[in-house]
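These numbers come from a predicted model, not from an experiment.
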Amino acid sequence: MRAPETNPDPHQIALRALVWTLAEQDRAQRLLDTTGLDPDDLRARAGEPAVLSAVLGFLENYEPDLLACAEDIGESPNAIVAARAALDPEYFE
């Protein structure tokens with residue numbers, strides 16, 4: 001596990017979380033089912049803040065995934081939540 005950065009980039013956290021989420025077929029399917037995205041749409045829009053925020057929201061909504069993802073990508077669960085807030089500040093207003 002790498003040492004946490006002082007100011008982690010929310011896009012990088014979200015992209016690593018997306019890769020982690022897609023690494024397991026059942027979890028990837030739950031993401032698609034929950035967000036309404038299809039595989040082609042996800043590929044085309046994977047770098048968009050709204051999509052990345054949706055991925056992080058998906059993880060937030062199921063604590064076991066949030067904790068496992070945080071551990072595997074070397075970030076705290078709080079960093080993942082903060083990344084979502086940075087990507088979608090209107091959601092938290």
Minimum-distance pair of heavy atoms, taken over all atoms of [X] and [Y]:
X     : Y     : result
Ala70 : Pro77 : CB-N, 3.7 Å
Ala46 : Val51 : CA-CG1, 4.3 Å
Thr35 : Ala54 : CG2-CB, 4.1 Å

Mind checking the [atom1]-[atom2] spacing from [X] to [Y]? Nearest 0.5 Å is all I need.
X     : Y     : atom1 : atom2 : value
Trp20 : Glu75 : CH2   : CD    : 14.0 Å
Glu48 : Leu87 : CD    : CG    : 12.0 Å
Leu66 : Ser76 : CG    : OG    : 9.0 Å
Thr21 : Asp65 : OG1   : CG    : 7.0 Å
Thr34 : Asn61 : OG1   : CG    : 8.0 Å

Quick one: do Leu22 and Arg27 satisfy side-chain contact (heavy atoms from CB on, under 4.5 Å)? Show the steps, please.
CA-CA 7 Å; Leu22 297 177; Arg27 189 174 49 236; over 6 Å; no
Taking it one step at a time, do Leu18 and Leu56 satisfy side-chain contact (heavy atoms from CB on, under 4.5 Å)?
CA-CA 8 Å; Leu18 174 59; Leu56 298 180; over 6 Å; no
Output, in order, the C-alpha distance, side-chain angles, deciding distance and verdict of salt bridge (Lys or Arg N to Asp or Glu O under 4.0 Å) for Arg16 and Asp72.
CA-CA 9 Å; Arg16 292 192 334 261; Asp72 286 352; over 6 Å; no
Check for me whether Arg84 meets the cation-pi criterion with Phe58, that is, NZ or CZ under 6.0 Å from the six-membered ring centre and within 45 degrees of the ring axis.
no
Could you walk me through whether Leu31 and Val55 pass the side-chain contact (heavy atoms from CB on, under 4.5 Å) test, one step at a time?
CA-CA 7 Å; Leu31 172 68; Val55 169; 4.3 Å; yes
Check Asp40 with Arg43, please: is the shortest side-chain N to carboxylate O separation under 4.0 Å?
yes
Quick check: do Asp38 and Leu32 have side-chain heavy atoms less than 4.5 Å from each other?
no
When you look at Ile73 and Ile80, which way does the side-chain contact (heavy atoms from CB on, under 4.5 Å) test go after all the steps?
CA-CA 10 Å; Ile73 69 170; Ile80 292 173; 4.3 Å; yes
